[in-house]
Amino acid sequence: MTTAPHDPTAANGRQGGPAVRVLLSVKPPGQRDNPYATLLVRNLNALDGVEVAFFSWRRALIGTYDVLHIQWPEAIVRARTPLRSTVAQLLTAALLVRLRLQRRMTRRPAIVRTVHNLHPHEEGSRFETSLLRQLDAMTDSWITLNAHSDVPDGARRSLVPHGHYRDWYTMPSTDRSSASSTVLYFGLIRSYKGVDVLLRAFSEVPASSDMRLAVLGDPGRSEQDRSLLQAIAADDRISAELRHIPDDRLVEAITDAELVVLPYRKLHNSGAVLLALSCNTPVLVPENPVTRDLQKEFGPDWVITYAGDLAADDLERAHALVSSARPQHLDLSGRAWDKSAVDHREVYEAALGRT
């Protein structure tokens, strides 16, 4: 991605001044991680007046920064093993002490929090919960990705929508009219993602339909997750790639599909929705206030909703809609990352009292 040089006197109104030093609470992502943080850091560091660094405990405990930007707070206090999680929680407790002492003397660093999920996907220990509550209580400003995320009463909040993925993935220039009759699910294959509901609904689609289902993603290891794999294998209309899917293959599959189905039991913010739309593939998602807003933003040909549990009728209705009126290209200029970066910089400056 190439980014145009930033003019500090441009219309965003910034007139220079010392750069805001930001520590993002995300470690440098690996190949399997969501590129959200990388895109955010890349675009922020392309701006005048802000310098962003990825998280390390050394930077957090002894480094110098003006803003601590919390993305997924549970990721700070959790690790792959119980022992490492205990160490992470002790380090978090030390960080809280440092933040309190430093803020008493200098009122810095300000703490900014992005609300990705309403709640962590998995509950933590009492100690972990206590640490996260203390961090929330110290937060100066909240960034929400949609208008329906809860923040504490009276808190300062800013809406900065999730950016698109066209700056990250190489998008093939495929004519949408040549897409297959395949509906696609991609992501973790878990019951809490609603994959069991999708399989049940698809099994009730008449055999005479030309609809096919493709399932791409990493399968789980629980008994419940194994039953999902058995259901996938039992229907020869379902194709599956049960592994981590490389970026190029994932984009190819999304672009080739006529429709992406995301039957999440609780859909609040979803990078998968933005990835599908970035590939110019319509999505079928549960109806709720967030997805109704997405439908208003992008149109009912792109964001198709269903009420209650996903049913065969919902799949057939969406299949007929995208088969008869297939859009070609979706305008995602409203989700551009350079605009998101400017909005983030304004949040940082406001949290520091500069605006």
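Computed from a prediction, not measured in an experiment: that's the story for all the values here. Because only heavy atoms are used, hydrogens play no part in the values below, and waters and symmetry mates are left out as well, while side chains stay in.
Side-chain contact between Val115 and Arg157: absent, with no pair of heavy atoms (C-beta onward) separated by less than 4.5 Å. Residues Leu199 and Ile232 have side chains in contact (heavy-atom distance under 4.5 Å, counting atoms from C-beta outward). Using a 4.5 Å cut-off on side-chain heavy atoms (C-beta onward), Tyr169 and Cys279 make no contact. Inter-residue side-chain proximity for Thr139 and Ile70 is flagged as unmet; no heavy-atom pair is nearer than 4.5 Å. Contact check for Leu44 versus Val22: no side-chain heavy atoms found under the 4.5 Å cut-off. At least one side-chain heavy atom of Leu95 sits less than 4.5 Å from a side-chain heavy atom of Leu99. When side chains are defined from C-beta on, Phe202 does not count as touching Val261, because their heavy atoms never get closer than 4.5 Å. For the pair Asn280 and Trp302, the minimum side-chain heavy-atom distance is below 4.5 Å.
Taking hydrophobic clusters as Ile, Leu, Val, Met, Phe, Trp and Tyr residues chained together by side-chain heavy-atom distances below 4.5 Å, Leu332 shares a cluster with Ile304. Grouping the Ile, Leu, Val, Met, Phe, Trp and Tyr side chains by contacts below 4.5 angstrom, directly or via other members, places Leu23 with Ile62. Both Leu61 and Ile76 are assigned to one and the same hydrophobic cluster, defined by single-linkage of ILVMFWY side chains at heavy-atom distances under 4.5 Å. One hydrophobic cluster, built from ILVMFWY side chains closer than 4.5 Å, holds both Val87 and Trp57. Both Leu213 and Ile254 are assigned to one and the same hydrophobic cluster, defined by single-linkage of ILVMFWY side chains at heavy-atom distances under 4.5 Å.
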List the steps, then state whether side chain to side chain contact (heavy atoms under 4.5 Å, CB included) holds for Asp301 with Leu321. CA-CA 7 Å; Asp301 288 337; Leu321 176 61; 3.9 Å; yes
Can Lys27 and Phe54 be said to form a side chain to side chain contact (heavy atoms under 4.5 Å, CB included), step by step? CA-CA 5 Å; Lys27 294 180 180 179; Phe54 283 111; 5.9 Å; no
Tyr65 vs Leu24, side chain to side chain contact (heavy atoms under 4.5 Å, CB included): CA-CA, chis, key distance, verdict: CA-CA 10 Å; Tyr65 45 94; Leu24 193 71; over 6 Å; no
Could you go through the side chain to side chain contact (heavy atoms under 4.5 Å, CB included) check for Gln71 and Ser25 one step at a time? CA-CA 6 Å; Gln71 290 285 341; Ser25 72; 4.1 Å; yes
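For Leu284 against Asp314, the heavy-atom pair with the smallest separation is CD2-O, 4.1 Å. Nearest heavy-atom pair across Pro161 and Ser340 is O-OG, 4.4 Å. Residue Pro263 comes nearest to Leu310 through the heavy atom pair CB-CD2, 4.1 Å, listed as atom of the first residue, atom of the second, then distance.
A donor-acceptor pair under 3.5 Å is formed between the side chain of Thr129 and the backbone N or O of Ser125. In this structure, the side chain of Glu241 does not engage the main chain of Leu216 through any donor-acceptor pair within 3.5 Å. Put simply, the side chain of Ser278 never gets that close to the backbone of His164: no donor and acceptor are under 3.5 Å apart. Within the 3.5 Å criterion, the main-chain N or O of Ala257 finds no donor-acceptor partner in the side chain of Thr182. Checking side-chain atoms of Tyr185 against main-chain N and O of Leu188 turns up a donor-acceptor pair under 3.5 Å. A donor-acceptor pair under 3.5 Å links the side-chain atoms of Thr291 to the main chain of Pro286, judged by distance alone. With hydrogens and angles ignored, the 3.5 Å screen pairs no side-chain donor or acceptor of Arg113 with any backbone N or O of Pro73. With Arg237 contributing its side chain and Val205 its backbone, the two residues share a donor-acceptor pair below 3.5 Å.
With sequence neighbours excluded, the residues satisfying salt bridge (charged side-chain N to carboxylate O under 4.0 Å, His left out) with Arg103 are Asp140. Ala350 meets the side chain to side chain contact (heavy atoms under 4.5 Å, CB included) test with Thr355; sequence neighbours excluded. Partners of Glu252 according to the salt bridge (charged side-chain N to carboxylate O under 4.0 Å, His left out) rule, which considers only residues two or more places apart in sequence or in another chain, are Arg249. Residues forming a salt bridge (charged side-chain N to carboxylate O under 4.0 Å, His left out) with Arg265 (at least two apart in sequence, or on another chain): Asp196. Residues that satisfy the salt bridge (charged side-chain N to carboxylate O under 4.0 Å, His left out) test with Arg335, not counting sequence neighbours, are Glu297. Considering only residues two or more places apart in sequence or on other chains, His268 meets the ring-ring contact (aromatic ring centres under 6.0 Å, His included) condition with none of them. For His69, the ring-ring contact (aromatic ring centres under 6.0 Å, His included) test picks out His344, Tyr348, with sequence neighbours left out. Not a single ring-ring contact (aromatic ring centres under 6.0 Å, His included) links Phe186 to another residue, sequence neighbours left out.
Residue pairs meeting the salt bridge (charged side-chain N to carboxylate O under 4.0 Å, His left out) criterion with at least one member in residues 200-220, sequence neighbours excluded, do not occur. Residue pairs meeting the ring-ring contact (aromatic ring centres under 6.0 Å, His included) criterion with at least one partner in residues 85-117, sequence neighbours excluded, are Tyr36-His116, Trp72-His116. Screening residues 268-292 for salt bridge (charged side-chain N to carboxylate O under 4.0 Å, His left out), with sequence neighbours left out, gives Glu287-Arg292. Screening residues 50-68 for salt bridge (charged side-chain N to carboxylate O under 4.0 Å, His left out), with sequence neighbours left out, gives Arg21-Asp66, Asp66-Arg108.
Under a cut-off of 6.0 angstrom, the local environment of CZ in Arg98 is crowded, with over 12 non-hydrogen atoms contributed by other residues, nucleotides or ligands.
Of the N and O atoms on the side chains of Asn43 and Arg345, not one donor lies less than 3.5 Å from an acceptor on the other residue. Under 3.5 Å, the side chains of Ser130 and Gln134 contain a donor-acceptor pair of N or O atoms. There is no side-chain donor-acceptor pair under 3.5 Å between Asn288 and His148.
For the pair Arg317 and Asp313, the salt-bridge criterion is not met [side-chain N within less than 4.0 Å of a carboxylate O].
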